[in-house]
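Working notes, structure below.
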Amino acid sequence: MEKVARSVAFSSNKGGVLKTSLAVNVAGALATNGKKTLMIDMDNQGNVATSFGKDPDDIEFTIYDLLTNNPEIKSVQDAVINVSPNLDIIVANDDMAYFEIDVLTDKGNYPNYFNLLKNVIKKFERDYDFIVLDTPPAMGLIAANIFDAVQDVVIPFQPEQYAFRSLVKTVDAITKFRESNSDLKIIDVVPTKVRNTNLHRAFLDAAKNYCKTQQIPFSKLEIRDTVKYGEMTARLSIPITMMDDLSKTLEPYKSVYDDLVHELGYLD
Ligand SMILES: Nc1ncnc2c1ncn2[C@@H]1O[C@H](COP(=O)(O)OP(=O)(O)O)[C@@H](O)[C@H]1O
Ligand SMILES: [Mg+2]
């Protein structure tokens, strides 16, 4: 049988919960371990480009151009940027902020406006082992396109007020999409920015219990809250999972992401 890429989206309707950090580090770890990986940014903030040291506004063609079939694109490869031997990225920029309004005001041109991403992924899925998607913190047309296109969803859970409600809402939304995409499943809920406080423990326990009742895997790992990581990544132009020879103090920030990729079942 011909190989088809496994696709995974990091999704939550909340911002700042480490969607981008998880997505770029998982993509980086997969590529470092020899898996041919395509990373697609669906968020107008363009943080995938910046995570690889690129300015999203300097890039000619983005995911927006592929989704909307920009006639200036001669080949889908025009939007692909190679960043390391096994890793390609398709970036997003501010254009994606207008995607929903542009598509919904021109439905004649986009009769299947839920399937635009699926059609883009089809053009790449035989060339990669994995397609990793970073997503915006919203549940609109972009999320609908993502849930119609991917197999796996990973939900970062930052144990703060309202996070539980957001988790339930995200799970409910994904459950509805299973009617049109039977491959879709939540493969992990990952605690992020965790502090050792009673409040954080209580929020985590509530989320864990809820996931149990829904038969959704809840990660054994947690990404600890640390200013160090934010400061460090701001200076780096590659994800930490692509760096070697890290100091002893930095190594744990990398190994938790490597462990996550194993937990997801993506590496033996
Ligand atoms: N372990 C961590 N603890 C605290 N802050 C972190 C950690 N890892 C990353 N950050 C910072 O948190 C911010 C939000 O992360 P990001 O991955 O962009 O979230 P999202 O994509 O969900 O908006 C970024 O500035 C990032 O550098
Ligand atoms: Mg992000």
Side-chain angles (χ1 to χ4, degrees), residues 8-29 39-57 62-64 89-97 99 132-140 142-143 146 150 153-167 169-170 173 186 188-197 199-200 203-204 207 219 221-243 246-247 249-261:
V8 55
F10 292 81
S11 188
S12 161
N13 66 345
K14 289 179 84 75
V17 299
L18 305 193
K19 288 182 298 298
T20 301
S21 302
L22 291 173
V24 299
N25 279 297
V26 164
M39 167 134 223
I40 301 177
D41 194 357
M42 294 290 282
D43 184 5
N44 67 68
Q45 294 179 82
N47 289 340
V48 170
T50 33
S51 300
F52 291 94
K54 303 197 180 297
D55 181 347
D57 294 318
T62 67
I63 187 64
Y64 179 91
I89 61 174
I90 297 175
V91 309
N93 63 17
D94 199 40
D95 283 347
M96 272 313 266
F99 172 75
V132 178
L133 287 110
D134 191 17
T135 74
M139 286 293 149
I142 296 176
I146 291 163
V150 304
V153 178
V154 175
I155 304 177
F157 179 80
Q158 184 189 0
E160 295 290 347
Q161 186 123 41
Y162 308 123
F164 184 74
R165 184 171 176 274
S166 157
L167 173 65
K169 288 256 184 205
T170 305
I186 300 167
D188 213 3
V189 174
V190 182
T192 58
K193 293 188 167 176
V194 177
R195 278 182 258 125
N196 259 337
T197 62
L199 193 60
H200 267 206
F203 284 136
L204 282 177
S219 181
L221 306 163
E222 45 191 48
I223 317 283
R224 314 276 313 157
D225 185 37
T226 160
V227 285
K228 237 198 208 120
Y229 190 83
E231 281 168 6
M232 182 184 61
T233 46
R235 281 186 278 116
L236 298 177
S237 52
I238 51 166
I240 193 166
T241 48
M242 300 183 80
M243 297 174 61
L246 283 173
S247 68
T249 44
L250 293 181
E251 184 58 36
Y253 301 120
K254 172 179 169 166
S255 62
V256 71
Y257 285 117
D258 288 331
D259 292 346
L260 176 63
V261 179

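Order of listing sets the numbers, starting from 1, for every ligand and every atom in it.
E160 pairs with exactly one of K14, R195, K193 by the salt bridge (Lys or Arg N to Asp or Glu O under 4.0 Å) rule, that one being R195.
Counting atoms of ligand 1 from 1 in the listed order, those under 4.0 Å from a heavy atom of K19 are 17 (O), 19 (O), 20 (P), 21 (O), 22 (O), 23 (O). Residue S21 approaches ligand 1 through these ligand atoms, each under 4.0 Å from one of its heavy atoms: 9 (C), 15 (O), 16 (P), 17 (O). Counting the atoms of ligand 1 from 1 in the order shown, those under 4.0 Å from a heavy atom of I223 are 1 (N). Taking every non-hydrogen atom of V17 and a distance limit under 4.0 Å, the qualifying atoms of ligand 1 come out as 19 (O), 20 (P), 22 (O). For ligand 1, the atoms sitting less than 4.0 Å from at least one non-hydrogen atom of D225 are 3 (N), 4 (C), numbered in the order shown with element in parentheses.
Checking L18, N47, T50 against atom 6 (C) of ligand 1, the nearest heavy atom belongs to L18. In the candidate list V194, T20, N25, T20 is nearest to atom 21 (O) of ligand 1, counting heavy atoms. Heavy-atom proximity to atom 14 (C) of ligand 1, evaluated over G16, A23, P136, is greatest for G16.
Polar contact with ligand 1: absent for D134 (N/O pair, distance under 3.5 Å).
For the pair S11 (side chain) and V153 (backbone), a donor-acceptor distance under 3.5 Å is absent. Checking side-chain atoms of T135 against main-chain N and O of F10 turns up a donor-acceptor pair under 3.5 Å.
Distances under 2.8 Å from the Mg ion (ligand 2) pick out the protein N/O/S atoms T20 OG1.
Looking at K193 against ligand 1, only its side chain comes within 4.0 Å, counting heavy atoms.
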